[in-house]
K.L.:
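Quick one: the structure is below, questions incoming.
One-based numbering, in listed order, for ligands and for the atoms of each. Everything quoted here is computed from the prediction, not taken from an experiment.
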Amino acid sequence: MVLWTRLRVDPLAPGPFAEADLQIAVDVARDAEFEDLVSSALHAAPSSFDHSVHVLADGLDPDGWYWYRFRLGDHTSPVGRTRTTPSDGTTPLRLGFSSCQNWESGSYAAHRHLAAADLDLFIWLGDYIYEYGPGNQGVVDSAGLRVHTTPEVTDLAGYRERYGLYKSDRSLQAHHAARPWIVTWDDHEIDNNHAGLNTEDGQDPAAFLERRRAAHLAWWENMPVRLDPPTGDRFEIHRTIRWGSLAHLHMLDGRQYRDAQPTDGDPVILPVVGDLGVRTLAETARDPNQSMLGTEQREWLENEVVSSDPTWNILGNQVYMHGLDAFPGAAPATNTDTWDGYHGERLELLTNLTSNSDNLVILSGDFHSSTAADVRADPFDLSGPIIATEFMAPAISSSFPELLRGLAPLVVGFNPQVRHFDPDNGFMTCEVTSTTWTTELHRLNDVTAEDSDVAIAARFTVRAGSPGIATVEVSQ
Ligand SMILES: [Fe+2]
């Protein structure tokens, strides 16, 4: 795996803190006291990458925990802990996952609890930062909470500073130090709801490309990813991580290669309630060429799943695939930024993937609420077979809109594929064995409080060989 750090004197100061490239010592050991050293070597911390450090730790055994630290002059970093993957097919996998940590919407108490949890790895599904300026979230319950320190972020200095702000949180730091993270991005690492080079506010594509290059570089600098730094206009981050032959995790990029969200459906506007922010499912969404993944990534994914045979195939994916019809009518009323805007591609993709994998589990985020769901290739044809299972994790801190909070129970009522819904913050953890997948939903009592408790709100199981949610247990 990659060991990551970034050298700063002041985390909020823009740009590298020194002109010079630096050398940093990296110690890796089999124990937290560094008595049983595996390696101790110098690595580059280049000024051009804002003194970020990505060290590929090699010479490690499979299925082992390791401890690491960084040293520069008189300074020694806090100790980080990481682990390697097993090579067999029977070692259980315990993973946590979540997304969406708007600085202005709440504390990172969820990360504090995650840091203490007994998990092998953590999967981040996007919205690590939010690009917005201060106080423009319209978040009703954010009064008195933290605010962004700079205007909307659009350039390299801005993105770097924003990562510095988010990473100044001690709970987030502790969680990074506790275990390996496997990360992808969603929209807010660059700009809200962008799709390829299409933006909500119609930015000039050439200017947006520049902005995206800056955002990609700052993301790479600040994420513990086993990737080379971006060089061109595109940055390929989709990849597969293998937990022996028990589980293959396919991390997807649902933003960079996307076609624009469809606009040919009718907006759904209700009396009293107003605009639901959804559109009826129309021709563009039904067109299989309307793509979220892009041809190359989609072919790569299908090939990954077809060419190997793990017990479980996991998609690390941003937006829900299980479909959601927000209002009963002649056509489903859908959020076009989710897979519902890419309905035709989803139909083909899920059909192809599940013809080769009995146990496809989709992990999602983005929606600032959580679900456990049965997945059909066409979510709106309930006569079709359940072919996969989806868990959508709650947001670490980002808020679910108050209006939707009130409507959610009704909406869930006419979406029987959604077996459980919860609008609160927290995270999910999963225990994966060769026979059973168990997911626990951890819900924060009060996202605004750093010392908030967390409780298990629900538990779900999936049985290998039988797609869909097998059991739902809701805590009282
Ligand atoms: Fe988000």
K.L.:
For Arg405, is the CZ atom crowded, meaning more than 12 foreign heavy atoms sit under 6.0 Å from it?
P.N.:
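Buried by this count: over 12 neighbours within 6.0 Å.
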K.L.:
Any sub-3.5 Å donor-acceptor pair from Glu390's side-chain atoms to Met321's backbone N or O?
P.N.:
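Checking the backbone N and O of Met321 against the side chain of Glu390, a donor-acceptor pair under 3.5 Å is found.
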K.L.:
Hey, does the side chain of Asp374 reach the backbone of Ile469 with a donor-acceptor pair shorter than 3.5 angstrom?
P.N.:
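Here the side-chain-to-backbone pair exists.
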K.L.:
Atom CG of Asn415 and atom NE2 of His322: how far apart are they, to the nearest 0.5 Å?
P.N.:
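With rounding to 0.5 Å, CG (Asn415) is 8.5 Å from NE2 (His322).
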K.L.:
Check the Fe ion (ligand 1) and write out every protein N, O or S atom at under 2.8 Å, as residue and atom.
P.N.:
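The answer, once waters are left aside, is Cys100 SG, Asp127 OD2, Tyr130 OH, His368 NE2.
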K.L.:
Honestly, is Arg146 close enough over Trp103, meaning NZ or CZ under 6.0 Å from the six-membered ring centre and within 45° of the axis?
P.N.:
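Judged by the rule, Arg146 and Trp103 form a cation-pi pair.
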K.L.:
Tell me, yes or no, whether the heavy-atom count around Arg81 atom CZ, taken from other residues, nucleotides or ligands under 6.0 Å, exceeds 12.
P.N.:
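Atom CZ in Arg81 is crowded, with more than 12 foreign heavy atoms closer than 6.0 Å.
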